[in-house]
Amino acid sequence: MKYSTKHIAFAALLALLAGGSCDYLDKAPDDELTMDMVFRDKTRTEDWLAGVYSAIPDPYWEKPGMKHYDIFADDYLANSGWAAYGGWGDIPKLAGNWNSESSWEGNYWEKFPARIRAAYIFINNVKANVEQGVTQEEVDLMKAECRFLIAYYYYLLVNTYGAIPLQTWLSDFDTPVEELLIGQEPYDRVIDWVDAELQSAAGKLPAYYNEPRKYGRATSVMCMAVRARMLLFAASPLVNGNQRVEYASYVNSKGEHIFSAKYEPEKWERAAKACKELIDLAHDNGYALYYEYNADGSIDPFMSYSNMSYKEFNQGNKEILFARPFDNVTSEHNKHATPNGLSGNGGLGVTQSLVDAFFMSNGRPPILGYNPDGSPKINAESGYSESGFSTKNDSCKTKWIEAQGASSNNDENPVTNAGTYMMYCNREPRFYVSVLFNEAWHRIGNRKVNFFLNGADNPGNHDSPENGYLLRKRVHPNVDVRNGTYPYRPGILYRLGEAYLNYAEALNECNPSHPDILLYLNKIRERAGIPTYGTDVATQIPVPASQDDMREAIHRERRVELNCEFAVRFDDIRRWNKVVELLSGDVYGMNRYG
């Protein structure tokens, strides 16, 4: 039998993109399903659009391993023992065991071009269907959604691979091969194209949807959030004036330089402007930092920072700018961050350098750097100590109930209990929300975690933290692996807190005296419950004295505020050109054999 190549290829692509929602394919043989049949049917049309959306990354985890960037930065530390069992396929890369033929489980190059093509097909074929309730207004919105997704996927490709081919038109199956081999496009040209597309799509999309069923679909705010982050990266040292020979000499088949070796300060101005436009658009449409308050009206920093990750947009979490609405809450992310003795896999930890990055309760950093032997340079002004144990509970105004003896009925609760190692005492709220340290209280387990060798949570194998810490952030406090309880959490990809820090950073590079730098940096610190920067000696700490000092302060704030959030830290250390500095040495932690 002779089959139509066009029909077969189309049906195969549709099955791939629509996933589990393509039961209608059973109604006709694959070689008889035509494009017209899809776009004359509302359900098939919506299924096609859902397929275009389906490649948006899961910001937590995707089985069978961490398929994203997070593990390659210096926040997470996954137990290397999992590599022997075929899981966490990217772990060997951390030890340098990779080459040009190595695969990456994220494999954006396989996913995104197919969705980009599907989006172009949708734009070219979708039509109003009055009989089935598809209006021309809805068609125009769906086309704008596809334009956003095309731009977003191209942004992720150029952000990941640097040099990519940029195909801005829909090829036919009969297009000659030589027309398809378009080659790599210069980096800045891709950025400019994506920028223009995001702005154009933003002009056609609403800032939010009133219909709950549309939550997660493209908005103007999502467009501007992607644009702001992209332009911040494009202004950064990695791709703005990088003089390294492998960048300066890299040309495409036409002899065009992929990356410009010339530093262009106006790129920081462009990024700052984009960040401010995003913030203004978000504020004008009701987006705001997420806050929870104590009974006396003061900010509860513990609950604010914790529930920022768990509350949904329609529950008042207007900090969310872009989220993947359907998250696999039973994913490995939850299981691997749950202690072994509580039926978790217990191997997803964080590094000592992240632990050291969190501020003290007085707003000052505890560690100022490291000596050649890895020992910390302790900040004498911070009050930090690495010896001894506390003699009493440390309590704060908060409804946070994750320490022993805490209750949601109390206006004040313990944060650490007597007998806690001093390294973990008097730290800022974000530390306790983000890190599960040895002998910290685990409310669901109704006991302290025990990471000592052969303790309840350290069998000495891959099912235990390799350096004495487990991840706590973005693991819902009510997760109970033993009883299969996994509360819903939104898959947040961009939030307003990041937008504030992006804006502060870009401004500091192009206009270091601008008052908005301090304004937005302090908004983050105020919500975090630590002293802000200012001149009030009684309640504030000194403002960083120079542009370099402010840059360091912003970088440190980003490390803490955005810790363990999807791809942020990996992108940061790349774009700052700090990969060699931060990832070449040893990784420190507590002694798992203690």
Side-chain angles (χ1 to χ4, degrees), residues 59-60 70 75 207-208 219 221-222 224-233 271-272 274-293 299-313 315-324 354 357-359 363 428-434 472-474 489-508 516-533 550 553-572:
Y60 292 98
D70 301 304
D75 278 358
Y208 57 87
T219 65
V221 170
M222 288 163 60
M224 300 302 276
V226 173
R227 174 177 179 253
R229 185 192 277 184
M230 177 185 73
L231 293 180
L232 183 76
F233 195 108
C275 291
K276 187 59 163 62
E277 288 172 351
L278 164 63
I279 291 170
D280 289 345
L281 177 65
H283 287 173
D284 290 345
N285 287 280
Y287 292 83
L289 289 186
Y290 180 78
Y291 291 98
E292 291 193 17
Y293 297 92
I299 297 170
D300 185 334
F302 291 86
M303 296 305 294
S304 298
Y305 190 68
S306 177
N307 281 336
M308 170 271 296
S309 294
Y310 311 126
K311 292 291 186 179
E312 300 174 52
F313 190 82
Q315 294 175 320
N317 189 1
K318 305 303 183 186
E319 184 164 347
I320 301 174
L321 304 181
F322 180 4
R324 189 176 188 269
L354 176 59
F358 289 96
F359 298 94
E428 62 156 305
R430 292 175 295 189
F431 168 74
Y432 299 106
V433 171
S434 301
R472 198 171 208 167
K473 184 178 178 181
R474 300 197 303 157
R489 63 191 174 187
I492 301 172
L493 292 160
Y494 297 84
R495 61 183 177 90
L496 193 59
E498 181 195 344
Y500 286 179
L501 291 172
N502 290 352
Y503 180 44
E505 180 181 347
L507 265 185
N508 186 59
D516 277 0
I517 299 170
L518 212 55
L519 172 67
Y520 285 97
L521 184 58
N522 278 342
K523 284 180 181 290
I524 296 297
R525 292 176 68 87
E526 179 187 43
R527 199 262 298 270
I530 55 176
T532 57
Y533 295 107
M550 181 60 80
I554 293 169
H555 286 190
R556 184 182 289 272
E557 202 71 47
R558 290 183 67 88
R559 176 88 191 270
V560 171
E561 173 68 19
L562 305 172
N563 82 86
C564 299
E565 297 188 25
F566 174 58
V568 174
R569 180 64 178 173
F570 181 73
D571 278 353
D572 279 354

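Since the model is a prediction, treat every value here as computed from it, not as a measurement.
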Student: Can you tell me if R558 uses its side chain to pair, donor with acceptor, with the backbone of D572 under 3.5 Å?
Tutor: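 The answer is no, because no donor-acceptor pair under 3.5 Å joins these two groups.
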Student: Tell me, do L321 and L278 make a side-chain contact under 4.5 Å, heavy atoms counted?
Tutor: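 In contact.
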Student: Heavy-atom distance under 4.5 Å between the side chains of C564 and L354, does that happen here?
Tutor: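 Yes, side chains in contact.
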Student: Apply side-chain contact (heavy atoms from CB on, under 4.5 Å) to the pair Q315 and N307, showing each step before the final yes or no.
Tutor: CA-CA 11 Å; Q315 294 175 320; N307 281 336; over 6 Å; no
Student: Cation-pi check for Y60 against R489: NZ or CZ below 6.0 Å from the six-membered ring centre and within 45 degrees of the axis, yes or no?
Tutor: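 Positive - R489 is close enough to the ring of Y60 and near enough to its axis.
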Student: Distance from N508 atom CG to M550 atom CE, nearest 0.5 Å?
Tutor: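 The distance works out to 6.0 Å.
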Student: Taking N317 for the side chain and E312 for the main chain, is one N or O donor matched with an acceptor at less than 3.5 Å?
Tutor: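 Looks like no, no N/O pair under 3.5 Å.
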Student: Using only atom types and a distance under 3.5 Å, with no angle test, would you say the side chain of R559 pairs donor to acceptor with the backbone of A357?
Tutor: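 Not confirmed, R559 side chain does not pair with A357 backbone.
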Student: Do Y287 side-chain atoms and A207 backbone N/O form a donor-acceptor pair below 3.5 Å?
Tutor: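 Yes, the answer is positive, given that a donor and an acceptor are paired below the 3.5 Å cut-off.
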Student: So do D75 and D70 actually touch side chain to side chain, heavy atoms under 4.5 Å?
Tutor: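 A side-chain contact is absent here, since even the closest heavy-atom pair is not under 4.5 Å.
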Student: When rounded to the nearest 0.5 angstrom, what is the spacing between CG in N563 and CZ in R474?
Tutor: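 It is 9.0 Å, given to the nearest 0.5 Å.
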Student: Find the distance between CD (E526) and CD1 (I299) and round it off to the nearest 0.5 Å.
Tutor: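 Going from the CD atom of E526 to the CD1 atom of I299 covers 4.0 Å.
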Student: State, to 0.1 Å, how close E428 and A528 come at their nearest heavy-atom pair, and which atoms those are.
Tutor: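 Shortest heavy-atom separation between E428 and A528 comes out as OE1-CB, 4.3 Å.
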Student: How long is the gap from CZ on R495 to CG on L562, to the nearest 0.5 Å?
Tutor: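 Reported to 0.5 Å precision, the distance equals 5.5 Å.
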Student: Do E498 and E565 have side chains that approach each other closer than 4.5 Å (heavy atoms only, starting at C-beta)?
Tutor: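 Side-chain contact under 4.5 Å: no.
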Student: Whether the side chain of D284 engages the backbone of L281 through a donor-acceptor N/O pair (distance < 3.5 Å, no angle test) should be reported.
Tutor: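 Pair absent, no side-chain N/O of D284 close to backbone of L281.
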Student: Within the 4.5 Å heavy-atom criterion, are L493 and V226 side-chain neighbours or not?
Tutor: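 A side-chain contact is absent here, since even the closest heavy-atom pair is not under 4.5 Å.
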Student: Which heavy atom in P301 sits nearest to a heavy atom in P429, and how many Å separate them?
Tutor: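 Shortest heavy-atom separation between P301 and P429 comes out as CG-CG, 3.7 Å.
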Student: Can you tell me which residue among R430, E292, K473 is in a side chain to side chain donor-acceptor pair (under 3.5 Å) with Y305?
Tutor: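 Passing option: K473.
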Student: Do R527 and Y291 make a side-chain contact, defined as non-hydrogen atoms from C-beta onward lying under 4.5 Å apart?
Tutor: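 Answer yes - side chains close enough.
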Student: Does K318 use its side chain to pair, donor to acceptor, with the backbone of Y290 at less than 3.5 Å?
Tutor: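 Side chain of K318 to backbone of Y290, a donor-acceptor pair under 3.5 Å: no, none is there.
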Student: Can you give me the closest heavy-atom contact between L496 and A282, atom names plus distance?
Tutor: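 It is CD1-CB, 4.1 Å.
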Student: For the CG atom of L521 and the CD atom of E505, what is their distance to the nearest 0.5 Å?
Tutor: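 L521 CG to E505 CD: 11.0 Å, rounded to 0.5 Å.
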Student: Does the side chain of R556 reach to within under 4.5 Å of the side chain of F359, using non-hydrogen atoms?
Tutor: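 Side-chain contact under 4.5 Å: yes.
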Student: To the closest 0.5 Å, what do you measure between CD1 (I554) and CD (E557)?
Tutor: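 With rounding to 0.5 Å, CD1 (I554) is 9.5 Å from CD (E557).
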Student: Are R229 and F322 in a cation-pi contact, defined as NZ or CZ under 6.0 Å from the six-membered ring centre and within 45° of the axis?
Tutor: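 No, R229 does not sit over the ring of F322.
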Student: Between Y520 and I279, is there a side-chain heavy-atom distance shorter than 4.5 Å?
Tutor: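 Yes, at least one pair of side-chain atoms sits under 4.5 Å.
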Student: Which heavy atom of S309 sits nearest to which heavy atom of P490, and what is that distance?
Tutor: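 Closest pair (atom of S309, atom of P490, distance): O-CD, 3.6 Å.
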